[in-house]
Amino acid sequence: MSPVAPGRLSGFGTSIFAEVTADAIRHEAINLGQGFPSFDGPENVRRSAADAILGGRNQYAPLAGERVLREAVAAWMRRTQEVEVDAETEVTIVAGATAGLVDALLGLVHHGDEVIIVEPAYDAYEPAIVMAGAVPVRISPARPGYRLTEAVIEAAVSAKTRFILVNSPNNPTGRIYDEDEWDAIESAARRHDLIVLSDEVYERLAFDPARHQCPLGRPGLRDRTVTISSIGKTFSLTGWKIGWTVACPGISRRIREAHQFTIYSVATPLQIGAATALGCTDESIERFQAEYRTRRDLLFEGLEQVGLRPIMPEGTFFMLADIQQLGVDDDRSFCRRLIEEVGVAAIPCSAFTQGGDSGPVRFAFCHGEATLREAVRRLESVHKILA
Ligand code: PMP
Ligand code: GLN
């Protein structure tokens, strides 16, 4: 067999985000597809990383991460979630949430373990599980509410299930799990002795900030949860790829076993900058949330006006438009035409499901008001591709 024959990840194709961004550039469309802000994070944070580079902080960091950042993560968890964690044994600095998830899976999985993931599921989850030698098992809460129930989880549990991977605030639905949903997750996790992998990269992008719950704060989940987050979304620094995992010492040991042989340690000066970011004031977080509320409302109103049936998100910087209700049954071709004929890029949600069934489309609103207004203006002509 040729050494370049399709590998075990070839079936996953090309990242939909990369594809849509390339198409958007080619057609000079406004890119509300791939979710990265069109503005940079706080100047003092960037300056702090620049100072670290010029000030001689350019060699390997300790494997688990710079102490100053691990302590900043522990203080952040206390301040934002009222969760006490030990910086020494429970916090590991990783190369963004994506690498945190991969390290957790590589360190914890035994060959053939099953990992439950919730559709629509972020595109990196399934390949990461496959890379770790585990088996993804998808569950699909009913649309359009996407509420997670114990019955839906239970139906997917087998003797091989060892993990459930959840994401709240959720990309792409914009949902934030409520108390009942966390109860369902906790109950299934305890009954079947599962580890909860909790992707919380949108933790501060919650329009009712009290709504986001970190499962580590639940006594019943404290020793069976890996919280995974990063500075990318909260501080508009997605290109830094600085994140963390937080878990009890036993689980963290396994994560570090993987981390030492995947990345070993993460960019030192950016860790210093990330520690500055996490030390920000409560007021700056509130300002950030208020700015996002304005952007969300602007896009919601705009999509409603042009007849695209937006669904109001509870968190994240994503908004779904329920084009199925408008009779669209191929979200991919809709998004292609949207780029080419309307000049706006969005993500087809079929990319987040295994069967690839057509679904809603996702618009990102991590952009300036002028950009969002121009996108809405262009979308006034969307009727020509709905006809
Ligand atoms: N999880 C989700 C749900 C995401 O939307 C993203 C997108 N950035 C990530 C993880 C990746 O985060 P990071 O860039 O920190 O790896
Ligand atoms: N998380 C971002 C999104 O969902 C982008 C991630 C990526 O480009 N891989 O759009």
Side-chain angles (χ1 to χ4, degrees), residues 9 12-25 30-38 41 65 69 73 92-105 115 117-129 146 165-177 197-206 212 226-246 259 262-263 266-267 270-271 273-274 277-278 313-320 335 345-353 359-367:
L9 298 180
F12 291 108
T14 313
S15 152
I16 183 75
F17 306 116
E19 237 171 58
V20 166
T21 290
D23 275 357
I25 292 169
I30 295 178
N31 191 359
L32 306 191
Q34 188 174 18
F36 60 92
S38 47
L69 178 53
V73 169
T92 305
I93 305 305
V94 289
T98 314
L101 174 66
V102 170
D103 283 342
L105 287 165
V115 185
I117 56 178
V118 187
E119 284 196 336
Y122 182 55
D123 74 331
Y125 293 165
E126 187 164 340
I129 292 165
Y146 300 103
L165 168 49
V166 292
N167 168 224
S168 175
N170 185 271
N171 174 10
T173 67
R175 287 251 14 252
I176 300 183
Y177 289 156
L197 301 170
S198 175
D199 177 347
E200 298 171 45
V201 289
Y202 299 99
E203 54 176 295
R204 292 298 95 205
L205 269 161
H212 171 65
V226 183
T227 275
I228 303 164
S229 192
S230 80
I231 58 160
K233 321 293 171 174
T234 307
F235 297 98
S236 310
L237 294 166
T238 57
W240 282 25
K241 298 295 286 189
I242 299 288
W244 52 88
T245 63
V246 185
H259 179 64
T262 51
I263 309 274
V266 179
L270 299 185
Q271 291 196 48
L278 294 181
E314 296 164 320
T316 76
F317 46 51
F318 300 119
M319 187 176 296
L320 296 184
C335 285
I347 300 288
C349 278
S350 54
F352 296 81
T353 61
V361 294
R362 188 197 82 178
F363 292 94
F365 53 88
C366 41
H367 303 288

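Here the structure is a predicted model, which means the values were calculated and not measured. Remember, it's 1-based here, ligands and their atoms both numbered in the order they're listed.
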- Within a strict 4.5 Å, meaning less than it, do heavy atoms of the Pro169 and His212 side chains meet? yes

- Could you state the interatomic distance from CD1 (Ile93) to OG1 (Thr245), rounded to the nearest 0.5 Å? 8.0 Å

- For His367 and Asn31, indicate whether the former's side chain and the latter's backbone hold a donor-acceptor pair under 3.5 Å. yes

- Item | Atom-level proximity to ligand 1, residues with heavy atom under 4.0 Å | Gly96, Ala97, Thr98, Tyr122, Tyr125, Asn167, Asn171, Asp199, Val201, Tyr202, Ser230, Lys233, Lys241

- Message: Quick check for you: to the nearest 0.5 Å, what is the distance between Glu200 atom CD and Ile176 atom CD1?
- Response: 11.0 Å

- Query: Tell me: protein heavy atom nearest atom 7 (C) of ligand 2, and distance?
  - Reply: Phe17 CD1, 3.6 Å

- Query: Is the shortest heavy-atom distance from the side chain of Ile347 to the side chain of Phe352 under 4.5 Å?
  - Reply: yes

- Query: Hey, is Thr238 touching ligand 2 through its side chain, its backbone, both or neither, going by heavy atoms under 4.0 Å?
  - Reply: neither

- Message: For ligand 2 and Phe318, I'd like to know whether there is a polar contact (N/O to N/O, distance under 3.5 Å).
- Response: no

- Message: Give me the residue, atom name and distance of the protein heavy atom closest to atom 8 (O) of ligand 2.
- Response: Gln34 NE2, 2.6 Å

- Message: Taking distance alone, with N or O pairs closer than 3.5 Å, would you say Arg362 contacts ligand 2?
- Response: yes

- Note on the structure: CD1 of Ile242 to CH2 of Trp240, rounded to nearest 0.5 Å, is 8.0 Å

- Query: Under 3.5 Å, is there a donor-acceptor pair between the Thr353 and Glu119 side chains?
  - Reply: no

- Any chance you could measure Ile231, atom CD1, to Lys241, atom NZ, to the nearest 0.5 Å? 11.0 Å

- Query: Can you tell which of Phe365, Phe17, Tyr202, Phe36 makes a ring pair (Phe, Tyr, Trp, His ring centres under 6.0 Å) with Phe318?
  - Reply: Tyr202

- Query: Where is the nearest protein heavy atom to atom 6 (C) of ligand 2: which residue, which atom, and how far?
  - Reply: Tyr122 OH, 3.1 Å

- Query: Does ligand 2 have an atom under 4.0 Å from some heavy atom of Tyr202?
  - Reply: yes

- Does the side chain of Thr316 come under 3.5 Å of the side chain of Asn170 through a donor N or O and an acceptor N or O? no

- Message: Using a plain distance cutoff, I'd like to know if Asn171 has any nitrogen or oxygen under 3.5 Å from a nitrogen or oxygen of ligand 2.
- Response: yes

